[in-house]
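Throughout, a chain's letter reflects where its sequence line sits, starting with A, and its residues are numbered from 1. For clarity, every value in this text was computed on a predicted model and none was experimentally measured.
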2 protein chains.
Amino acid sequence: MTAFDEQPGSAAHVLELVANGSATSRADLVRELGLAASTVSVRVQELVEAGLLTESGEGASRGGRRPRLLRVADQGAVALAADLDSHHMRTGAVGHTGGAHDTDEHAFDLTAGPEPTLDALAERLSALAAHQRAAGRTVRGVGVGFPGPVDADSGRIVAPSRMPGWHLFPLRDRLAERLGLPVLLDNDANVLALGEHRAAHPSLRHLVVVKAGRGIGSGVISGGRLHRGARGSAGDISHVRVDATAEHPCSCGNIGCLETVASGAAIAAALRARDIPAESTADILRLVENGDAHATTLVRQAGRDIGAVLAVVVNFFNPEAVIIGGALSRAEPLVAAVRGALYERCLPMATSELTISAARCGPAAGLLGAGRAALREAAAGPQTACPPTRNGK
Amino acid sequence: MTAFDEQPGSAAHVLELVANGSATSRADLVRELGLAASTVSVRVQELVEAGLLTESGEGASRGGRRPRLLRVADQGAVALAADLDSHHMRTGAVGHTGGAHDTDEHAFDLTAGPEPTLDALAERLSALAAHQRAAGRTVRGVGVGFPGPVDADSGRIVAPSRMPGWHLFPLRDRLAERLGLPVLLDNDANVLALGEHRAAHPSLRHLVVVKAGRGIGSGVISGGRLHRGARGSAGDISHVRVDATAEHPCSCGNIGCLETVASGAAIAAALRARDIPAESTADILRLVENGDAHATTLVRQAGRDIGAVLAVVVNFFNPEAVIIGGALSRAEPLVAAVRGALYERCLPMATSELTISAARCGPAAGLLGAGRAALREAAAGPQTACPPTRNGK
DNA sequence: CCGACTTGCTTCGATGACCGAGGGAAGTCG
DNA sequence: CGACTTCCCTCGGTCATCGAAGCAAGTCGG
């Protein structure tokens, strides 16, 4: 019943490969999946009959018969996506291919509690749904990335330390009820990781995707699958201690947490302490782009701090790539500092073939991840039913 | 073709469940595996016919017919196991059940190079094999744990920084040739992790097993499977920086590595610097048991340092358990300090249901892990052939 | 321009894993 | 002693996948 898992050989996997361009024909799929040609044909036929895949013309010959090109049938099918952070709500509509449409950013306060957030979410997503439908598109589902621990199975928020009232709030079901659409809810870093993995690096098996924005989180792909850990809190590096001498206490009750020295919120606070007006990560980015020395120094130091934590993670987990996403990933000095810290502190063996780069999907990566995941759910739902106790007949 | 993987439903998995006591009858297996009773019966019958499983009497009724008890047919079948560290070679014979027999420890110098090590290994294992055969047992294979990075697929050693001559040495094949037996080679922490997981905690899915001995390493179980990472170096936490002010340079070229402040070698060196004679981890343990204040302080500090690194790992990976193995795990203060550091520095969410304990299999855990893995290989080999290109017929 | 070869895709049994129904064996319990 | 439970096996049936064969539609060298 877990949201994102999919068995390697089949069904949604085929859609995925076609959607992200890894395969454009049946023959491609055969090479990619390692299945028999006959099996792939059957699978494709099912998907075509279900209206999820279309044939669209023929491709270039490679010395023999021309392949019949396959495309995802995104005939106006979209998912709504929402990416939350503590002070903003970004929304958009996501199709099977291409970027996010109709995106919008909207200030609000997550700490005001679940009910106001639910209201704001429902309001904006309803409007978005109406707008999409007016444009002739079908809305298949909703994907939401939440900046805190989420129990993805039950669709509930789990105990964010500084967000009173949120503990065990059933955001997924409440939102689904309000919108009349299936909702997929997960941690923001997890949807980012899924989006980057599936869309930009589908062949990698072990991946760490960091979301550096107002807060800091990460999503972990192990063996090609999202690693949630024992209680779904895997990837939470925001409260790792990086500077025991730091004075700022953290909401978690410790001091020197990564979040208190390297997050967008911390950088903005440090800038304000120097009488430089900065509230959002956008402000920080603007300062850095304008060459503000203080801002650049702080951002670079944040990168070093994040890199110090990631160094442990890279030695321990030995991923094929570390991807930096989130708003701050657009600040070159931060990415460069992360790179430097990793190369300096990790074993050569762990870094010699390690890719370290900014998220390829850019600022909308979170939206894309959430939306695509929701689309995948919607597509896989009718087909890949839950193995146990489902077909009553 | 990877050494330890096994698909969930079948073959070796059944043996595993019976071997570690998770299942004692066909009905148990049905409950454990979730397969149909008929399927389980077929599987068991195959294993019985192959001589790998036996029926042995009947168990207590639970209100109906008595179950026919199953046991692993370890009719004298053993694997030889070797656990290497930089100055010792521990060997023993391991059956499907029970502990290691005929164990022996033998001082030698790994840094002397691969050929002398190969000679020493072959000599002791040949003697052990002869002894086991004289006692009427059949030797099915050999499992070796090596204290450094290993490419498990090719069975070769990978670039240990301070071990000249070892890079890409094909220890597995060379040893197999010398002994005329199939050899399984893996990192020492990995075999320890496999042993502890399969034998003591088979139901856990995410697990970190630390080997604290003369060096420090760890093995990672993710989703019930060993996580080796991109290049097989996952779990290598020995070169994480924990103390930038430390003066001791590390063989890796950095300073303040965990290994230089918290390993058995480092503790022994620190004791010697205070004119307390200590060479091996056994010496350290003796001092701690005798209440030596310096030794106890150093061991406790080592535990804190290890705990500091594990805190990052626990937040990031969110395992269900952290198991401390290796010689130093017998020092209570070290385990206690690790516990303390984890509870202090991790998120409550990551530790509230986290098990932190010493390895249940004790000092022979490494041997057991290596031996059991080799037995499993030997048993699975003829049955669970590699999926592609194997049955020539 | 024409065979020979390549590539793409489909059709059609064969295979094998798994399941479920049915039933027999051997218990417990009232 | 009968009703029910538990354990296990036997026997078709379903389903996914494979491989062989073949057709379709190209390229390419003579």
A:Arg137, CZ: over 12 other non-hydrogen atoms inside 6.0 angstrom = yes
Tell me which nucleotide among D:dC8, D:dC18, C:dC9 gets nearest to the side chain of A:Ala36.
-> D:dC18
May I ask you to evaluate whether B:Thr39 reaches the phosphate of C:dA17, defined as a side-chain N or O under 4.0 Å from OP1 or OP2?
-> no
Among the nucleotides C:dC9, C:dG8, D:dC9, whichever has the atom closest to the side chain of B:Arg68 is D:dC9
Tightest non-hydrogen contact, residues B:Leu375 and B:Val78, listed as CD2-C, 3.8 Å
So does A:Arg26 pair up with A:Glu55, basic N to acidic O under 4.0 Å?
-> yes
Figure out the CG/C1' separation between B:Leu29 and C:dC18, and round it to whole Å.
-> 16 Å
C:dC18 P sits how many Å from B:Gln45 CD, rounded?
-> 15 Å
Touch check for B:Ala37, heavy atoms < 4.0 angstrom, all strands: base, sugar-phosphate only, or nothing?
-> nothing
Starting from P on D:dT6, measure out to CZ on B:Arg65 and report it in whole angstrom.
-> 14 Å
Atom pair distance, as rounded to whole Å: CG in A:Leu33 and C1' in D:dT17 = 13 Å
Between P of C:dC9 and CD of A:Glu46, the distance in whole Å | 17 Å
Relative to each other, are the rings of B:His206 and A:His227 parallel, tilted or perpendicular (30° and 60° limits)?
-> perpendicular
Check whether any side-chain N or O of A:Arg26 sits under 4.0 Å from OP1 or OP2 of C:dT10, and answer yes or no.
-> yes
Would you please confirm or rule out a distance under 4.0 Å between OP1 or OP2 of C:dT7 and any side-chain N or O of A:Arg62?
-> no
Do the side-chain N or O atoms of A:Ser25 get closer than 4.0 angstrom to the phosphate oxygens (OP1, OP2) of C:dG8?
-> no
Are A:His201 and A:Arg360 side-chain neighbours, meaning at least one heavy-atom pair lies under 4.5 Å?
-> yes
Between A:Arg31 and C:dG8, is there a side-chain N or O to OP1/OP2 distance below 4.0 Å?
-> yes
Whole Å only: how far is the CD atom of A:Glu58 from the P atom of D:dA24?
-> 14 Å
Can you find an N or O donor on one side and an acceptor on the other, under 3.5 Å apart, linking the side chain of B:Ser38 with the base of C:dG20?
-> yes
B:Leu35 has a side chain; which of D:dC7, D:dT17, C:dC18 sits nearest to it?
-> C:dC18
Comparing nearest nucleotides in DNA chain C, the 5'-proximal residue of the pair A:Ser41, A:Gly64 is A:Gly64
Quick one: B:Arg66 CZ to D:dC7 P, roughly how many Å, whole number?
-> 12 Å
Between the base of C:dG8 and the side chain of A:Ser61, is there any donor-acceptor pair under 3.5 Å?
-> no
Mind calculating the distance between CG (B:Leu70) and P (D:dC7) to the nearest angstrom?
-> 12 Å
